[in-house]
Protein chains: 2
Amino acid sequence: MRPTIYDVAERAGVSIATVSRVLNGSSKAAPATREAVLQAVAELGYRPNAAARSLAGHATDTLALVFPEISSPFFAEIIRGAEIEARQQQYHLLIYGIPEVGEADTLLPVLSTRVDGLILGGHCDDAFVRSLVRQAVPFVLLGRGVEGYAVSSIQADSYNGVYEAVTHLIDHSYRRIAFIGGHVDSPQSRVRFDAYRSALADRDWPAEPGWVMHSDFSEAGGHATAARLLALPQPPRAIFAANDQMAIGAIDAIRAAGLRVPEDIAVVGFDDIPVAAYVHPALTTVRRQIYESGVLAVRLLLHRIADPEIPPEHHALPTHLVVRRSCGCM
Amino acid sequence: MRPTIYDVAERAGVSIATVSRVLNGSSKAAPATREAVLQAVAELGYRPNAAARSLAGHATDTLALVFPEISSPFFAEIIRGAEIEARQQQYHLLIYGIPEVGEADTLLPVLSTRVDGLILGGHCDDAFVRSLVRQAVPFVLLGRGVEGYAVSSIQADSYNGVYEAVTHLIDHSYRRIAFIGGHVDSPQSRVRFDAYRSALADRDWPAEPGWVMHSDFSEAGGHATAARLLALPQPPRAIFAANDQMAIGAIDAIRAAGLRVPEDIAVVGFDDIPVAAYVHPALTTVRRQIYESGVLAVRLLLHRIADPEIPPEHHALPTHLVVRRSCGCM
DNA sequence: TTGTATGCGTTATCAA
DNA sequence: TTGATAACGCATACAA
């Protein structure tokens, strides 16, 4: 049987209230008793029971990460950042994948009693976000925002990143620049498309609805979509893909068609996932601070938990183009 | 304020004991009262408090995943499998990264009260494993085994996978086959090296200590190690890397040296991570059931939790060579 | 500064 | 089949 606070109290010759106090530092204890308690704790190897503690103290010291695709390189890196920061802050991290948008609703009731707050990543409908706000569950949005609600959010500055990437292609005189987006309904995908369109418009560059396609953020999706682009009567000379996985898939499709990257078609991605620097040709891409997003999400959430009244913060993390070989400009 | 079991009892006109019973199905309740309780639960939107439940019931319904590198493609995929299976079994999943081997010891005491069991992945010293056994914490080992203890483990059948890969290279007459291992002290790395050596020995194939190097399972590590291999007076004609990330790094190094894959040097990896099929040249690699490992780990752990007395199971999941372009045999 | 006593929301034991 | 009631292990208001 694990030692309880009573065992510690007895051994130290004090009451359990005193033990609790020195362990939580809630109020002063005489140095002597403090020492006695600490020693008893050490000797017994006592660890407070988390359930009892949260039952009495109304805090779980636990956060939840709720994501659509846990295992993509992008989310994996976010998880890493969140986990490290959470641990440093003495918090624990629960993880949930929600392949289906609707599943989040099922999850919430089960979850809500086990966590102090949650980090919501990727897509999920506004109705769900609203219900969270209504239930006063502390949470932050990662990778998306929501209009009209007081919710903290962290996003990459996609607009500027994409604008820079497309402008880079224009500056190197690539005409016929195609765009492969993610899920059509994703707000982030929308922003990136807007940036793409604006970049073209601002330079009076040729634009064509046929050069814009939407996929699903996967390598296979990028491959298939690029293949469709190549089959066009007027195929593109450059492709911007809204994430690196699709870009890598696109490169594969281009080569499979017997063409070369970047000589025949240039490719630019988005994210700068770890493998981007190692594929061939090395991927030119828009770097964003993935790991840092995870860290920041935890910090913002902890702030909100500590003081639910603080005004929401909206962070747009900087992005910048990393020029490698796949765009043919170096 | 969230409704408690008392609110439900009052609304249904029964005692809290009855509410608890119908919710847990522990013993029979009259259909009528059962209905009344369920209705009250629905109307109130009642959800049992997890802390109270585990305090009274001695179960947390939570598992922990303890890994060295959360964000590698390999572990990310394991997490995905474990998360899906855990959720299906109504369990929650905590996640912890332990970059330093020693950190596991610090983690355990904090962890132990919050989970019913844990899944240990990657490296951690035997002393730690022993202490877990001593403390009767239910756990399973993922990706490694431990000698002399009654612990369930799940591993890929690395030996046969590597043997098949190296034999494949031999069959295609590649002489001078190099081996890039992971951390020298990793048991898995050792097994893979043994398979490599045996494959060569069984065919009386040239072997050379200089062709064996150890790295760290990362792309950068694979790159650096391959570069050292290329600088040898007698550089290898083929490289087997103990995971795909190192293989991808190695390909990059080979190209950086002005050589071609597979024409000048063939490369084979291990794992078959999702991106392996999309890099160039597409990576020939030993596929193992990563996702399935995660699922199986949860199942074995749950068995062990349900009955700590069951004998440990050791699973060696099948592997097989997936021939793509990087080995030059197709 | 320290101790007593109560409550947190369940499950489980025992009677009824 | 149901209902009191005692744990479960801790935090904390209140007393001393």
Side-chain angles (χ1 to χ4, degrees), chain A residues 1-41 44-62 90 92 109-116, chain B residues 1-41 44-62 90 92 109-116:
Chain A
M1 210 51 194
R2 291 177 63 105
T4 72
I5 198 171
Y6 286 94
D7 301 317
V8 176
E10 184 177 354
R11 182 162 193 126
V14 298
S15 74
I16 63 162
T18 299
V19 175
S20 179
R21 278 190 217 102
V22 337
L23 257 31
N24 296 306
S26 55
S27 82
K28 291 247 172 296
T33 58
R34 183 184 155 73
E35 277 315 306
V37 169
L38 259 25
Q39 188 178 340
V41 166
L44 262 37
Y46 166 75
R47 298 293 150 184
N49 177 293
R53 178 173 253 193
S54 72
L55 184 56
H58 303 292
T60 62
D61 297 342
T62 304
Q90 320 267 43
H92 300 255
V110 189
L111 232 168
S112 56
T113 181
R114 320 181 78 100
V115 302
D116 296 338
Chain B
M1 210 51 193
R2 291 176 64 106
T4 72
I5 198 170
Y6 285 95
D7 301 317
V8 176
E10 185 178 353
R11 183 163 195 128
V14 297
S15 74
I16 61 163
T18 300
V19 175
S20 180
R21 276 188 219 103
V22 339
L23 256 31
N24 296 305
S26 56
S27 81
K28 290 249 171 299
T33 58
R34 183 183 153 74
E35 277 314 307
V37 168
L38 258 27
Q39 188 179 340
V41 166
L44 263 36
Y46 165 76
R47 299 291 150 186
N49 177 294
R53 177 172 256 189
S54 71
L55 184 56
H58 303 292
T60 61
D61 297 343
T62 304
Q90 317 266 43
H92 300 254
V110 189
L111 232 167
S112 57
T113 180
R114 321 181 78 100
V115 303
D116 296 337

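A, B, ... follow the sequence lines: proteins, then strands. Residue 1 opens every chain. Predicted model, so just to flag it, every value in this text is computed and none were measured.
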Round to the nearest Å and state the distance from [X] atom [atom1] to [N] atom [atom2].
{"X": "Asp7(B)", "N": "dG9(C)", "atom1": "CG", "atom2": "P", "answer": "9 Å"}
{"X": "Arg2(B)", "N": "dG9(C)", "atom1": "CZ", "atom2": "C1'", "answer": "11 Å"}
{"X": "Arg114(A)", "N": "dT10(C)", "atom1": "CZ", "atom2": "P", "answer": "13 Å"}
{"X": "Ile5(A)", "N": "dT12(D)", "atom1": "CD1", "atom2": "C1'", "answer": "11 Å"}
{"X": "His58(A)", "N": "dT12(D)", "atom1": "NE2", "atom2": "C1'", "answer": "10 Å"}
{"X": "Ile16(A)", "N": "dG3(C)", "atom1": "CD1", "atom2": "P", "answer": "11 Å"}
{"X": "Tyr6(B)", "N": "dC8(C)", "atom1": "OH", "atom2": "P", "answer": "9 Å"}
{"X": "Leu23(B)", "N": "dA12(C)", "atom1": "CG", "atom2": "P", "answer": "13 Å"}

Residue Ala56(A), side-chain heavy atoms: nucleotide from dT4(C), dT2(D), dG7(C) that is nearest: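 Within the option list, the nearest is dG7(C).
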From dT12(D), dA11(D), dG3(D), nucleotide with atom closest to Ser15(B) side chain: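 Taking heavy atoms from C-beta onward, the closest nucleotide is dG3(D).
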Need one value for [X]: base, sugar-phosphate or nothing, where a base atom within 4.0 Å counts as base even if backbone is also close, heavy atoms only.
{"X": "Ala29(A)", "answer": "sugar-phosphate"}
{"X": "Ala30(A)", "answer": "sugar-phosphate"}
{"X": "Val14(A)", "answer": "sugar-phosphate"}

Would you say [X] places a side-chain N or O within less than 4.0 Å of OP1 or OP2 belonging to [N]?
{"X": "Thr4(A)", "N": "dG9(D)", "answer": "no"}
{"X": "Ser54(A)", "N": "dC10(D)", "answer": "no"}
{"X": "Arg53(B)", "N": "dG9(C)", "answer": "no"}
{"X": "Tyr46(A)", "N": "dC10(D)", "answer": "yes"}
{"X": "Thr18(B)", "N": "dG3(D)", "answer": "yes"}
{"X": "Asn49(A)", "N": "dC8(D)", "answer": "no"}

Test item: side-chain donor near acceptor, Arg2(A) and Ser112(B), under 3.5 Å: yes
Quick one: closest heavy-atom pair of Leu38(A) and Val22(A), and the distance?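 Between these two residues, the closest heavy atoms are CD1-CG2, 3.8 Å.
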Minimum heavy-atom distance Ile5(A)-Tyr46(A), with the two atoms named: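 Between these two residues, the closest heavy atoms are N-CE1, 3.5 Å.
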Does Arg47(B) or Arg21(B) map to a spot on DNA chain C nearer the 5' end, using the closest nucleotide for each?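 That would be Arg47(B).
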Could you measure the distance from the CZ atom of Arg53(B) to the CG atom of Leu55(A)? Nearest 0.5 Å is fine.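 Result: 13.5 Å between the selected atoms.
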Do the side chain of Thr62(B) and the main chain of Val115(B) share a donor and acceptor less than 3.5 angstrom apart?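 Answer holds: no.
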